[in-house]
Amino acid sequence: MRILLSNDDGYFAPGLAVLAESLAGLGTVTVVAPERDRSGASNSLTLDRPLAVRRSANGFLFVDGTPTDCVHLAVTGFLDEPPDIVVSGINLGANMGDDTIYSGTVAAATEGYLLGIPAVALSLTSKEGRHYATAGRIARDLVERLARRAMSPPVLLNVNVPDLPFDALKGV
């Protein structure tokens, strides 16, 4: 399985590292994320200047653009094959209601969906970020579930995970 990861908090965000680690055993994971925090960037593309793509010390690729730029460049520009799924997050703070209109986390997943790829946006519902591992575990479970079913047309999921230990969750 080919998994493309992105976010809106930047390539250095702890949630992205947890997400990459959580999904690593499921296939080939490629991370393409913004070089800095782009929260609230919505589904915008950078059209007024060239974009630079660089590789960080941990192997993540980062772009001086929006979350949408990251997914669009990866899928249409430099991945040899399209990913089987796009996963965006793990965002610090919930993305519900009107937040989803402006969220770069949701926008990165939406770009995958608009390119015909199943996509998931994941967020923790607090600003403390004490239980990224819980969201990572939920992400892995969702990706495994989605991989087992044929998705035509592709799906777009926006998932908000309580910032609690996994055992404290009452269901998924």
**Student:** Give the minimum heavy-atom separation between P67 and A41, together with the two atoms involved.
**Tutor:**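 Reported closest heavy-atom pair: CD-CB, 3.9 Å.
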**Student:** Under a 4.0 Å N-O cut-off, is there an ion pair linking D141 with R137?
**Tutor:**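 Judged by the 4.0 Å cut-off on N to carboxylate O distance, D141 and R137 do not form a salt bridge.
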**Student:** Is L73 close to V63 at the side-chain level, that is, under 4.5 Å between some pair of heavy atoms?
**Tutor:**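 Contact flag for V63/L73 side chains = yes.
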**Student:** Hey, does the Lys NZ or Arg CZ of R54 hover above the aromatic six-ring of F62, less than 6.0 Å from the centre and inside 45° of the axis?
**Tutor:**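 No, R54 and F62 do not form such a contact.
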**Student:** List the atom of G104, the atom of S88, and the distance in Å for their closest heavy-atom pair.
**Tutor:**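 G104 and S88 have their closest heavy atoms at O-OG, 4.5 Å.
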**Student:** Find out whether T30 and F60 are in side-chain contact, i.e. whether some heavy atom of one side chain is under 4.5 Å from a heavy atom of the other.
**Tutor:**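 Answer no - side chains too far apart.
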**Student:** Please, which pairs that meet salt bridge (Lys or Arg N to Asp or Glu O under 4.0 Å) have at least one residue in residues 106-123, sequence neighbours excluded?
**Tutor:**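 Pairs touching residues 106-123 that pass the test: none.
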**Student:** Between N95 and S103, is any side-chain donor less than 3.5 angstrom from a side-chain acceptor?
**Tutor:**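 The criterion, which ignores hydrogens and geometry beyond distance, is satisfied for S103 and N95.
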**Student:** Are the side chains of I117 and V75 in touch, meaning some heavy atoms are under 4.5 Å apart?
**Tutor:**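 In contact.
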**Student:** Side-chain contact test, heavy atoms from C-beta onward, threshold under 4.5 Å: evaluate it for L5 versus N7 and give yes or no.
**Tutor:**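 A side-chain contact under 4.5 Å is absent here.
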**Student:** Indicate yes or no for a side-chain donor-acceptor contact from T110 to the backbone of V106 under 3.5 Å, with no hydrogens or angles considered.
**Tutor:**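 Checking the backbone N and O of V106 against the side chain of T110, a donor-acceptor pair under 3.5 Å is found.
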**Student:** On a heavy-atom basis, which atom in T66 and which in D69 lie closest, and how many Å separate them?
**Tutor:**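 In terms of heavy atoms, the two residues are closest at N-OD2, 2.8 Å.
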**Student:** If you count heavy atoms of other groups shown closer than 6.0 angstrom to CZ of F12, is the number above 12?
**Tutor:**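 Enclosed: over 12 neighbouring heavy atoms sit under 6.0 Å from CZ of F12.
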**Student:** Just wondering, do V120 and L146 contact through their side chains at under 4.5 Å, heavy atoms?
**Tutor:**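 Yes; the side chains approach each other to less than 4.5 Å.
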**Student:** Determine whether more than 12 heavy atoms belonging to other residues, nucleotides or ligands lie under 6.0 Å from atom CG of D80.
**Tutor:**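 Not more than 12 within 6.0 Å, no.
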**Student:** How many angstroms lie between CD1 in I3 and CD1 in I85, if you round to the nearest 0.5 Å?
**Tutor:**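 These two atoms lie 7.0 Å from each other.
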**Student:** Whether D84 and R2 form a salt bridge (side-chain N of Lys/Arg under 4.0 Å from carboxylate O of Asp/Glu) is what I want to check.
**Tutor:**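 Yes, charged N to carboxylate O under 4.0 Å.
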**Student:** Which atoms form the tightest heavy-atom contact between T68 and L45, and what is the distance?
**Tutor:**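 That closest heavy-atom pairing would be CG2-CD2, 3.6 Å.
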**Student:** Does the distance from a Lys or Arg side-chain N to an Asp or Glu carboxylate O, for R49 and D64, drop under 4.0 Å?
**Tutor:**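 Yes, this pair counts.
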**Student:** Is the shortest heavy-atom distance from the side chain of F78 to the side chain of V53 under 4.5 Å?
**Tutor:**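 Sidechains of V53 and F78: in contact.
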**Student:** Could you tell me whether E144 and R148 make a salt bridge, using a distance below 4.0 angstrom between a side-chain N and a carboxylate O?
**Tutor:**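 Looking at E144 and R148, the cut-off is not met.
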**Student:** What is the minimum heavy-atom distance between D9 and I90, and which atoms define it?
**Tutor:**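 Scanning both residues, the minimum pair turns out to be OD2-O, 4.0 Å.
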**Student:** With rounding to the nearest 0.5 Å, note down the distance linking OG1 in T105 to CG in D99.
**Tutor:**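 These two atoms lie 10.5 Å from each other.
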**Student:** Look at the side chain of S42 and the backbone N and O of S44, then say whether any donor-acceptor pair between them is shorter than 3.5 Å.
**Tutor:**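 Side chain of S42 to backbone of S44: no pair is present.
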**Student:** Please examine the side chains of L169 and T134, heavy atoms only from C-beta on, and report whether any two atoms are closer than 4.5 Å.
**Tutor:**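 Yes; the side chains approach each other to less than 4.5 Å.
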**Student:** Give the minimum heavy-atom separation between L122 and A139, together with the two atoms involved.
**Tutor:**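 So the minimum-distance heavy-atom pair works out to CD1-CB, 3.4 Å.
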**Student:** Is the OH atom of Y113 crowded by more than 12 outside heavy atoms at less than 6.0 Å?
**Tutor:**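 No, because the 6.0 Å sphere around OH of Y113 holds 12 heavy atoms or fewer from other groups.
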